[in-house]
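Quick notes on the structure that follows.
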Amino acid sequence: MIFKVYFQDLKTEVPVRENTRTIFVKGVSERDVRTKLAEKPYNIEFITSVEGAFLEYEQQNEDFTVLEIE
């Protein structure tokens, strides 16, 4: 399953909407994705699964890449 992760670059910064970035991560659950990203300095705001028409829409973006973190 593919998840879209909304995050800030640093855990020490206060979340500001204009600085929110996104990445796509392959995982089996939201908890799995959080575990995989635990080593990163990200301040995770929100994680949502991406499937169906929403996934097709996201795949049209030329910057679309899915991270496969072990």
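All heavy atoms count here, side chains included; hydrogens, waters and symmetry mates do not.
Under the 4.5 Å side-chain heavy-atom criterion for ILVMFWY residues, a single connected hydrophobic cluster contains both Phe54 and Val66. In the hydrophobic clustering of ILVMFWY residues, with side-chain heavy atoms under 4.5 Å counting as a link, Val50 and Val33 come out apart. Following chains of ILVMFWY side-chain contacts shorter than 4.5 Å, one can reach Ile69 starting from Phe7, so the two form part of one hydrophobic cluster.
When atom types are taken as modelled, the side chain of Gln8 and the backbone of Glu45 share no donor-acceptor pair closer than 3.5 angstrom.
Rounding to the nearest 0.5 Å places CD of Glu30 at 8.5 Å from OG1 of Thr48. How far CG of Asp9 is from OG1 of Thr20: 9.5 Å, rounded to the nearest 0.5 Å. Here the straight-line distance linking atom CD of Glu68 with atom CZ of Phe24 works out to 14.0 Å at 0.5 Å rounding. With values rounded to the nearest 0.5 angstrom, Met1 atom CE is found 10.0 Å from Leu55 atom CG. Here the CD-CZ distance, from Gln59 to Phe64, works out to 4.5 Å after rounding to the nearest 0.5 Å. Rounding to the nearest 0.5 Å gives a distance of 4.0 Å between CD1 of Ile47 and CZ of Arg34.
For the pair Gly27 and Asp32, the tightest heavy-atom approach, listed with the atom from each and the gap, is CA-OD2, 3.3 Å.
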Show, in sequence, the C-alpha distance, side-chain angles and deciding distance for Tyr42 and Ile23, and conclude whether the side chain to side chain contact (heavy atoms under 4.5 Å, CB included) test is met.
CA-CA 11 Å; Tyr42 301 152; Ile23 55 173; 4.1 Å; yes

